[in-house]
Amino acid sequence: MTDTVATRISACELSIGSALPELRKDAITKVQLVKYAGASGDYNLIHTDDETARRVGLDGVIAHGMLSMAFLGQYLCWLTGPESIRRLGVRFVEMVRPGDVLTCRGRVKTVEPEATGRRMTLELWVENQRAQQVTLGEADVVTS
Amino acid sequence: MGGLERVSNPIVSRDLIGRQSDEVLIEVERGAIRKFAEAVGDTTEACLRGEVSPPTFPTTIRIPIPGVTYDLARVLHGGQEYRFQRPIRAGDRLRCRTRLADVYQREGRLGAMTILIIELEGNGENGEPVFTGRSTVIVR
């Protein structure tokens with residue numbers, strides 16, 4: 001895992017408040033929502049069927065909130081590697097629709113030394129192409 | 001949102017707080033990890049190889065809690081948290097269980113809502129903790 005985290009995170013002067021490099025994802029597509037429904041087992045039709053979505057008062061299908069959380073999961077793996085992640089928590093605050101382009105961003109909240117390295121709490125969020133925050137999160141990672 | 005079945009009655013009684021699912025043995029398959037990572041567009045190498053699961057992979061573990069039912073189309077996911085002792089890996093055999101931790105009513109932008117807190121726990125075969133999850137589910 002040479003392309004990971006420890007490197008990426010230490011590259012940005014790990015002090016409290018430091019902004020983390022951003023990860024921009026490709027635009028969400030309806031095909032991605034169908035694939036995510038199948039891979040995750042979330043078959044709620046508001047994510048894949050416009051008729052069902054309209055019946056419950058939406059304009060059309062919306063992305064699974066968990067897809068945006070999965071983007072933050074990828075972001076953490078990219079920043080620090082999958083072995084480092086101890087906690088990831090999110091709140092879904094805005095809906096995401098097909099065509100939206102999401103970007104993961106974050107900053108360092110706390111850094112504490114540990115026996116074998118350091119533990120960091122990161123503030124994370126996902127924003128759309130209008131710079132609206134759609135998902136807010138926090139993570140704990142342990143790096144050597 | 002582990003633990004929920006699709007049914008028509010929207011109200012979940014507070015009497016059900018504390019109710020648990022049966023324990024289910026989940027065998028984590030390499031192909032399931034790869035399929036999940038591909039759907040997300042997660043380019044983490046160990047995930048694309050199917051060796052280590054992406055952090056939100058536990059969402060694939062859906063275990064109904066008896067009596068906890070609602071109309072899926074009326075559900076919004078409010079929040080989610082996962083905690084890990086270590087990453088979930090291909091070949092893991094996890095003993096998993098879901099539990100209804102809380103139920104309460106709230107007035108929101110969309111009117112009266114029922115909020116469910118569903119916890120998920122995954123332990124190794126010898127009982128050692130591997131991960132936990134906590135879902136906030138909004139039924140409107």
Side-chain angles (χ1 to χ4, degrees), chain A residues 1-5 23 25-26 28-29 31-46 49 52-53 55-58 62 64-78 81-93 95 135-140 142, chain B residues 1-2 4-6 31-49 51-63 70-89 109-111 131-140:
Chain A
M1 302 301 297
T2 51
D3 71 330
T4 54
V5 179
L23 175 69
K25 295 289 291 176
D26 291 339
I28 306 255
T29 64
V31 170
Q32 182 172 34
L33 300 185
V34 172
K35 286 166 73 176
Y36 185 79
S40 70
D42 183 343
Y43 302 125
N44 190 333
L45 285 170
I46 67 170
D49 180 54
T52 301
R55 183 169 59 77
V56 298
L58 300 166
I62 59 169
H64 307 75
M66 287 303 294
L67 181 59
S68 66
M69 184 180 186
F71 291 174
L72 287 182
Q74 175 187 356
Y75 187 43
L76 277 180
C77 288
W78 181 68
E83 305 286 335
S84 313
I85 302 164
R86 294 294 174 271
R87 180 177 69 94
L88 173 60
V90 303
R91 283 192 303 125
F92 304 109
V93 295
M95 291 180 188
T135 300
L136 308 178
E138 193 178 277
D140 293 336
V142 175
Chain B
M1 281 183 285
L4 302 169
E5 313 173 28
R6 178 175 190 156
I33 293 174
R34 293 179 58 172
K35 192 174 165 188
F36 188 87
E38 284 166 15
V40 168
D42 187 333
T43 53
T44 306
E45 285 176 30
C47 300
L48 284 178
R49 287 196 300 264
E51 292 165 6
V52 177
S53 82
T56 63
F57 186 78
T59 192
T60 64
I61 301 170
R62 296 169 188 274
I63 309 169
Y70 50 74
D71 180 355
L72 203 50
R74 294 272 160 205
V75 166
L76 292 174
H77 200 172
Q80 179 68 49
E81 182 178 72
Y82 294 117
R83 291 173 184 264
F84 303 93
Q85 299 298 315
R86 62 162 176 83
I88 297 170
R89 299 190 180 90
R109 280 188 293 184
L110 306 166
F131 76 93
T132 58
R134 184 176 169 88
S135 308
T136 304
V137 177
I138 302 167
V139 188
R140 61 196 179 97

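Chain letters run A, B, ... following the sequence lines, proteins first and then strands; every chain starts at 1.
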Which value, rounded to the nearest 0.5 Å, describes the distance between [X] atom [atom1] and [Y] atom [atom2]?
X: B:Gln80; Y: A:Met66; atom1: CD; atom2: CE; result: 4.5 Å
X: B:Asp42; Y: A:Leu23; atom1: CG; atom2: CG; result: 9.0 Å
X: A:Ile46; Y: B:Leu72; atom1: CD1; atom2: CG; result: 7.5 Å

Using a cut-off of under 4.5 Å for heavy-atom pairs, which of A:Met69, A:Gln74, A:Met95 has the most such pairs with chain B?
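Of the candidates given, the most pairs with chain B belong to A:Gln74.
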If you count heavy-atom pairs under 4.5 Å between each of A:Arg91, A:Glu138, A:Glu83 and chain B, which one has the most?
A:Glu83
Indicate the atoms forming the closest heavy-atom contact of B:His77 with A:Phe92, along with that distance.
O-CD1, 3.1 Å
Where B:Thr60 and A:Ala39 come nearest, the two heavy atoms and their spacing
CG2-O, 3.4 Å
For the side chain of B:Arg62 and the backbone of A:Ser40, is there at least one donor-acceptor N/O pair under 3.5 Å apart?
yes
Is there a donor-acceptor pair closer than 3.5 Å between any side-chain N or O of A:Gln32 and the backbone N or O of B:Ala39?
yes
Should the heavy atoms of other residues, nucleotides or ligands under 6.0 Å from CZ of B:Arg74 be counted, would the total exceed 12?
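Buried by this count: over 12 neighbours within 6.0 Å.
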Go through the atoms of A:Val93 and report whether side chain, backbone, both or neither lie under 4.5 Å from a heavy atom of chain B.
backbone
Under 4.5 Å heavy-atom distance to chain A, tell me which part of B:Arg134 shows up: side chain, backbone, both or neither.
neither
Flag the pair B:Val40 / A:Phe71 as yes when at least one side-chain heavy-atom distance between them is below 4.5 Å, and no otherwise.
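With C-beta onward as the side chain, the pair touches.
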